[in-house]
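Notes for the one structure printed next.
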Amino acid sequence: MNCTRARSEIALWVGGDVDEREAVQLQRHLALCPECRAYRCRMKGSLQMLQEPASPTAYNLHDSVWPNVESRLSVQSRVEADRVERLNRWLPAAAIAAACLAVIAITSEPQPRNQRLDGEPLPSDLVILQSLQSVDSISVDERQAPGNGVGLRGGGSSIKLNTIQAGTMGDEDRRLTLFYSLTGRSAPDRRFGQY
Amino acid sequence: MQSQTDINKPLTADVRPGSGVGDARLVEEARGGDRDAFGELVLRYEQRLIRVILQFVHDTEQARDLAQETFLRVFQRLDQFDASRRFGPWMFRIGVNLTLDYLRKRKRRIRWSLFSEHAGDKLPDPATADPRAALDVSQEVRAVIDQIPENYRSVLVLRDLEGFTTSEIAAILDRKEATIRWRLAEARDRFQALWTRRMERTAGSAANGKMDGDK
Ligand SMILES: [Zn+2]
């Protein structure tokens, strides 16, 4: 065992972190090496100092953190439940009227007719609505067929057209109805184009 | 809660006296949405966790906040917990990582606000203070530990101040035990060198102070 190796063994040995076999080898080296013996002495002293204040800094817990943790867990799950409920109830207008630029032009691909048209949002609608977050204007491009040129504008990023194209959105009238109810606006008179 | 901090408490509180329910069972129940089961885990581990965090942040309120944050995160990640492993090390790993992240952010913040340094952000440095003032050994030790790089410091704190075994530390820090042992030896060596130097300096300045006083 050389001195370098012996020193790291000493550093472990002072804290009781070497096994029997290593300890024996170390003792053999120490018997022959005064420098390492001096090192062992310094190491013992410093470790003692290190471990000394462990008890005075001991922390006595009077109040458990559990009540706080529990109430924060409750808030979290309430927020989560509210979010789901809001989506289920078509997100009230207030929740989606803040920022985020969302320009959505709904294209006129023929949509499968096997969807509910009763106004209930479909899962794909929810994805879009979540990303919409906020809408502060709706425009209708008159050059498009009714319902196909609906645009929603906000203040942030834009939403790709294919988000909508890829979806299983129902027919455009249902979508329009959905948007109007979400934004709290009344269904426009198409002739005005912008509102 | 009959709770007194016990430094020698094993890392895994497998069975709480009187409750008879193991961690694994409680984790399973908490995963199923049982809040009380999770509360039981919090009560089992909070003292030890706060003590460990305190070794890094030295501020009781901050340590409590970090412990709360840890438990929230643990709860959120219960799904990711590998049930074949022990809960204790996994939980401490989240807590220690959170604490080290907090320290890194704080360090960055302090660096950014060098001109408006708050006295409260740093522990007093007794070696540069009046050597004739009474020396608080634990503050001295603290100041020396704080000079050791984080990789070594965390191992040193967990082993020598908190009494975790090297295999437990390996689990907490997600490293091989050989790495932990190597870092531990290195950390103790660095502490020893810094400590010796500091004592020599303190002794030197105390001697100078005495001579000044004699004049
Ligand atoms: Zn030697």
Side-chain angles (χ1 to χ4, degrees), chain A residues 1-19 21-23 26 35-81, chain B residues 1 3-7 33 35-36 38-43 46-47 49-51 53-55 58 60 63-65 67-72 74-76 136-142 144-145 156 159-163 165-166 181-182 184-196 199:
Chain A
M1 185 181 282
N2 62 22
C3 288
T4 311
R5 172 78 200 289
R7 304 238 165 149
S8 70
E9 290 292 312
I10 289 167
L12 294 172
W13 175 81
V14 288
D17 295 302
V18 295
D19 63 31
R21 197 179 49 86
E22 292 166 320
L26 178 61
E35 285 88 1
C36 283
R37 283 203 298 274
Y39 180 79
R40 178 184 60 182
C41 188
R42 291 199 301 276
M43 193 53 109
K44 260 182 161 173
S46 72
L47 192 71
Q48 218 168 4
M49 295 317 297
L50 180 64
Q51 291 175 339
E52 188 101 336
S55 8
T57 54
Y59 170 70
N60 290 328
L61 190 67
H62 300 298
D63 308 311
S64 170
V65 298
W66 173 238
N68 282 347
V69 172
E70 191 181 23
S71 66
R72 287 178 65 187
L73 285 176
S74 302
V75 169
Q76 273 180 2
S77 57
R78 213 178 312 127
V79 167
E80 184 61 20
Chain B
M1 263 298 298
S3 30
Q4 264 303 356
T5 302
D6 178 6
I7 193 171
R35 284 281 173 77
D36 291 342
F38 189 66
E40 180 74 19
L41 286 167
V42 170
L43 295 177
E46 62 180 342
Q47 292 177 73
L49 178 67
I50 291 173
R51 269 183 44 119
I53 295 174
L54 260 179
Q55 299 290 4
H58 324 317
T60 311
R64 287 176 62 88
D65 285 352
Q68 275 185 41
E69 240 17 88
T70 303
F71 287 123
L72 285 170
V74 165
F75 187 80
Q76 286 159 356
D136 179 338
V137 176
S138 67
Q139 274 191 353
E140 289 275 357
V141 168
R142 202 71 261 176
V144 171
I145 292 175
L156 191 73
R159 177 73 191 106
D160 290 330
L161 300 184
E162 281 306 315
T165 66
T166 49
R181 287 170 60 79
W182 184 82
L184 177 62
E186 185 66 24
R188 284 180 181 154
D189 178 68
R190 287 182 189 224
F191 178 82
Q192 180 275 130
L194 289 164
W195 180 258
T196 306
M199 286 304 102

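This one's a predicted model, so the numbers in the text were calculated from it and none came from an experiment. Quick note on labels: first sequence line is chain A, next is B, and so on, each numbered from 1.
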Taking C-beta and beyond as the side chain, do A:Ser74 and B:Arg35 meet within less than 4.5 Å on heavy atoms? yes

Looking only at heavy atoms, the pair that brings B:Trp195 and A:Ser46 closest together is CD1-CB, 4.0 Å

Please classify the contact of B:Leu156 with chain A as side chain, backbone, both or neither, using a heavy-atom distance under 4.5 Å. side chain

Interatomic spacing from CE in A:Met43 to CZ in B:Phe191 - rounded to 0.5 Å: 10.0 Å

Kindly compute the distance separating CD (A:Gln51) from CG (B:Asp160), expressed to the nearest 0.5 Å. 5.0 Å

How far apart are the C-alpha atoms of B:Arg64 and A:Asp63, what are their side-chain angles, what is the distance that settles it, and do they pass the side chain to side chain contact (heavy atoms under 4.5 Å, CB included) test? CA-CA 10 Å; B:Arg64 287 176 62 88; A:Asp63 308 311; 3.8 Å; yes

Is there a side-chain contact between A:Arg7 and B:Asp189 in this structure, where contact means two heavy atoms from C-beta onward sitting under 4.5 Å apart? no

Residue pair B:Ile50, A:Val65: steps toward the side chain to side chain contact (heavy atoms under 4.5 Å, CB included) verdict: CA-CA 10 Å; B:Ile50 291 173; A:Val65 298; 4.1 Å; yes

To the nearest 0.5 Å, how far apart are CZ in B:Phe38 and CH2 in A:Trp66? 6.0 Å

Measure the shortest side-chain to side-chain distance between A:Met49 and B:Gln192 over non-hydrogen atoms and say whether it is less than 4.5 angstrom. no

Any donor-acceptor pair under 3.5 Å from A:Arg72 side chain to B:Glu69 backbone: no

Under 3.5 Å, is there a donor-acceptor pair between the A:Ser64 and B:Glu46 side chains? yes

Report, as yes or no, whether the 6.0 Å neighbourhood of atom CZ on A:Arg5 holds more than 12 heavy atoms from other residues, nucleotides or ligands. no

Against chain A, label B:Gln76 side chain, backbone, both or neither, depending on which of its atoms sit under 4.5 Å from a heavy atom there. side chain

Rounded to the nearest 0.5 Å, what separates atom CG in B:Leu72 from atom CG in A:Asn68? 9.5 Å

Do you know which of A:Leu47, A:Leu12, A:Val69, A:Val14 has the most heavy-atom pairs under 4.5 Å to chain B? A:Leu12

State whether B:Arg188 and A:Glu9 are salt-bridged, where the test is any N-O pair (Lys NZ or Arg NE/NH1/NH2 against Asp/Glu carboxylate O) under 4.0 Å. no

Where is the tightest heavy-atom contact between B:Ala185 and A:Ala11, given as atom of each residue plus distance? O-CB, 3.6 Å

Does A:Leu50 reach the side chain of B:Ile145, with side-chain heavy atoms less than 4.5 Å apart? yes

